[in-house]
> 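There's a structure below that I have some questions on.
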Amino acid sequence: MLLEMHCHTAEFSPCSKVAAVELVRQVQAKGLQGIVLTDHHHLWSDAELLDLRRDACVPDHFLLLSGQEVSTSDLGDVLVYGADASIDWGITLKELRQLAPGAALVWAHPYRGGRSPIATDLMHPALDGVEIFNANQTASGNSQGLRDWHHYRFTALAGTDTHGASYAGIYPTHFEHPVATISELAMEIRQGRCRPFLKEIPRSGAHSTVTEVTIGVKGPDERRERLIIRQLSDEKSWQRAERGYQIMAAIAGQGFVSGRYRVPQPITDDPVGHVIIEEGVRGKSLHDKLLAATPADGREYLDLAARWLARLHRLRLRITPPEEFIPREIMRLERYVGRFTEMRHRHTRKAQEIMERIAAEERALLTKGNELLVQGHGDYHPKNILIGQDQLELRSTLFAAAIDFESSLLVPPAFDVGCFCMQFRNQFHGQPHILAAYPEASFIAAYLAEYGAVEPDFLRQVELFSARSALGIAAYLIKLGLGTSEDVWRVLVEAERALTHV
């Protein structure tokens, strides 16, 4: 059963703006199987609940019960399920336990307001559970609750803490067995046979354990809270991930958290535990969207991606040191060629020649100084761009979001454009109809329309960085064990062709 376990009515909670009838109807419309009213220090009578059921016109099988939220003097707010009467303010947790020995006591919203509860409180013997998800906790608080639950393994619940109709029932609790009375519900909690309603999906990640978490049911805008939790495996990986997190946070601070152009919203980073948590963006990669799109939709997606990049560049952010571009580039280029050398690849000499030409051109490009550089993405390609839509019936809610900022640094604007063009060409090499339907020239045109005036030799620079990206792709194929593939030679040829235009 899915039950709303924490909500307040305008009838008996001055803080609430929603009438009980509307609250019950909204929760039932969300597809939940029941609701437990938890007004402050008020227990609904059986007669009141019967009248409410009749007025709300919900079916007989919809569970309608009453608990209460009690303010204790030592632990704060506690949800009480199964007490015989309303309980006054200021009682201690020990006294509450003695007063209602058969009730289930659940610590309400312990992470609200940025609080970080200690283990001895979370595991308090007088408590039967902890509410880890709550609409009045931040995403950071909810994610901390999730982590504490997994670490300490106490009984966890979720509750929306509803004070208005618009978000009623979005954080339900799942009960393993059906219940019909408040005493049965209290017993299930005390036996630990319930849990927050969420989905956790492990995902692969380089040098990290990545978990995607979706909490609760859909709200009125079809959005649910999504978290991406990354546990880094070593100090070097942590430093790289933390750098990307801080860059993403700075970009988010420039307005990239809502609207048509976004990044995942940073939530928290834990240097001690090597954990980074960010908002999970609802959408599919541009790569996957284009494979299934109509030509008209695909052009709109590509246009969004190009304009996202132009908007980032147009900010002319300078988050990382400008002097690191050339040293990092030389290090990367040498690492690319090193992959050829290590396996004694037959095209090592060709890769070396391409690398030397690219390095020389990049140095020459920066002879005028670092003024050309802007904070770029560093690895901008169709699989690092998400296309989503907040409300399926409203095309105006379509958006693009970029992910993975670990490679971000100050770059010439053409760097990201060239990277995208070559990666686009390579990722869709096996789908020539995609390349024909969406020529890279259309991406560049949309970028220029959004960005404005560029350097006179901008298109030449795009070719340079396309070649640079091609060399990286060839090295990556070798890393994957595909060094003998004809694709390595194909990509090297792409790099040479691009360099003929430089």
> Going by atom types alone, do Gln137 and Asp161 pair a side-chain donor with an acceptor below 3.5 Å?
no
> From Thr500 OG1 over to Glu463 CD, what is the distance, rounded to the nearest 0.5 angstrom?
7.5 Å
> Can a donor-acceptor pair be found, under 3.5 Å and without considering hydrogens, that links the side chain of Gln427 to the backbone of His287?
no
> Is a salt bridge present between Glu329 and Arg335, judged by a nitrogen-to-oxygen distance below 4.0 Å?
no
> Is the closest basic N to carboxylate O distance between Glu279 and Arg226 below 4.0 Å?
no
> Please check this pair: side chain of Thr160 against backbone of Ile170, looking for a donor-acceptor N/O pair closer than 3.5 Å.
yes
> Tell me if a side-chain donor or acceptor on Gln389 pairs with a main-chain N or O of Gln391 at a distance below 3.5 Å.
yes
> Does Arg260 count as lying over the ring of Phe399, i.e. NZ or CZ under 6.0 Å from the six-ring centre, within 45 degrees of the axis?
no
> Can Gln246 and Asp269 be said to form a side chain to side chain donor-acceptor pair (under 3.5 Å), step by step?
CA-CA 9 Å; Gln246 295 300 336; Asp269 56 341; 3.2 Å; yes
> Closer than 3.5 angstrom, by distance alone: can the side chain of Arg318 be matched with the main-chain N or O of Leu373 as a donor-acceptor pair?
yes
> If you compare all heavy atoms of Lys30 against all heavy atoms of Ser166, which two are closest, and at what distance to 0.1 Å?
NZ-O, 4.4 Å
> Between Glu486 and Arg490 (salt bridge meaning N to carboxylate O under 4.0 Å), is one present in this structure?
no
> Taking the six-membered ring for Trp and the single ring otherwise, decide whether the centroids of Tyr171 and Phe197 are under 6.0 Å apart.
no
> Would you name the heavy atoms of Ile434 and Leu290 that are closest together and state the gap between them?
CD1-O, 3.5 Å
> Enter the distance from Ser469:OG to Asn426:CG here, rounded to the nearest 0.5 Å.
8.0 Å
> State, to 0.1 Å, how close Ile330 and Ala359 come at their nearest heavy-atom pair, and which atoms those are.
CD1-CB, 3.7 Å
> Charged N to carboxylate O under 4.0 angstrom, Arg349 versus Glu353?
yes
> Can a salt bridge be assigned to the pair Glu361 and Arg460 using a cut-off of 4.0 Å between side-chain N and carboxylate O?
yes
> Can you tell me how far apart CG (Leu471) and CD (Glu496) are? Round to the nearest 0.5 Å.
11.0 Å
> Examine the side chains of Tyr111 and Asp148 and answer whether a donor and an acceptor come within less than 3.5 Å of each other.
yes
> Should the pair His377 and Tyr380 be assigned to parallel (<30°), tilted (30 to 60°) or perpendicular (>60°) ring geometry?
perpendicular
> Does Arg395 form a salt bridge (Lys or Arg N to Asp or Glu O under 4.0 Å) with Asp297? I'd like the steps, not just the answer.
CA-CA 11 Å; Arg395 189 68 173 185; Asp297 284 347; 2.8 Å; yes
> Any donor-acceptor pair under 3.5 Å linking the side-chain atoms of Glu235 with those of His274?
yes
> Treating Glu450 as the side-chain partner and Arg311 as the backbone partner, does any N or O pair qualify as donor plus acceptor under 3.5 Å?
no
> Any salt bridge linking Arg299 with Asp303? Criterion: basic side-chain nitrogen under 4.0 Å from a carboxylate oxygen.
no
> Closest heavy-atom contact between Leu372 and Gln461?
CD2-OE1, 4.2 Å
> Tell me whether the rings of His6 and His8 are parallel (<30°), tilted (30 to 60°) or perpendicular (>60°).
perpendicular
> What's the verdict on side chain to side chain donor-acceptor pair (under 3.5 Å) for His150 and Glu200, showing C-alpha distance, side-chain angles and the deciding distance?
CA-CA 12 Å; His150 285 323; Glu200 292 185 82; 2.9 Å; yes
> Kindly say whether Arg262 contributes a backbone atom to a donor-acceptor pair with the side chain of Trp308 at under 3.5 angstrom?
yes
> How close do Ala168 and Val27 get, counting heavy atoms only, and between which atoms?
CB-CG2, 4.0 Å
> Assert yes or no for the condition that the ring centre distance of Phe256 to Tyr261 is strictly below 6.0 Å.
no
> Distance from Gln265 atom CD to Leu227 atom CG, nearest 0.5 Å?
11.0 Å
> Considering only NZ, NE, NH1 and NH2 on the basic side and carboxylate oxygens on the acidic side, decide whether Glu278 and Arg230 come within less than 4.0 Å.
no
> Centroid separation under 6.0 Å, is that true for the rings of Phe428 and His433?
no
> Do Ile358 and Leu464 pass the side chain to side chain contact (heavy atoms under 4.5 Å, CB included) test, and can you show the C-alpha distance, the side-chain angles, and the key distance before you say yes or no?
CA-CA 7 Å; Ile358 293 170; Leu464 168 64; 4.3 Å; yes
> Run the side chain to side chain contact (heavy atoms under 4.5 Å, CB included) check on Arg115 and His109 step by step: do they pass?
CA-CA 9 Å; Arg115 295 195 300 269; His109 44 64; 4.2 Å; yes
> Working note: Leu459 + Ile444, criterion side chain to side chain contact (heavy atoms under 4.5 Å, CB included); need CA distance, chi angles, decisive distance, verdict.
CA-CA 9 Å; Leu459 294 180; Ile444 295 174; 3.9 Å; yes
> Donor-acceptor pair, His381 side chain versus Cys421 backbone, under 3.5 Å?
no
> Give a yes or no on whether Phe62 atom CZ has more than 12 heavy-atom contacts from other residues, nucleotides or ligands under 6.0 Å away.
yes
> Any side-chain to backbone donor/acceptor pair from Gln33 onto Leu2? Under 3.5 Å, distance only.
yes
> About how many Å separate OH of Tyr451 and CG of Leu309, when rounded to the nearest 0.5 Å?
10.0 Å
> Drop me the distance from Glu22's CD to Thr9's OG1, to the nearest 0.5 angstrom.
13.0 Å
> List the steps and the verdict of side chain to side chain contact (heavy atoms under 4.5 Å, CB included) for Phe465 and Val417.
CA-CA 8 Å; Phe465 293 115; Val417 178; over 6 Å; no
> Can any side-chain N or O of Gln375 pair as donor or acceptor with the backbone N or O of Ile319 at less than 3.5 Å?
yes
> Regarding Glu131 and Arg195, does a basic nitrogen lie under 4.0 Å from an acidic carboxylate oxygen?
no
> Does the Ser466 side chain pair with the main chain of Gly418, one donor and one acceptor, at a distance under 3.5 Å?
yes
> Quick one: do Arg147 and Asp270 make a salt bridge, cutoff under 4.0 Å?
yes
> Report the C-alpha distance between Glu324 and Arg243 in whole Å, list the side-chain angles of each, state the deciding distance to 0.1 Å, and finish with yes or no for salt bridge (Lys or Arg N to Asp or Glu O under 4.0 Å).
CA-CA 14 Å; Glu324 73 175 357; Arg243 170 190 167 104; 2.6 Å; yes
> Strictly by modelled atom types, are Asn370 and Glu323 linked by a side-chain donor-acceptor pair under 3.5 Å?
no
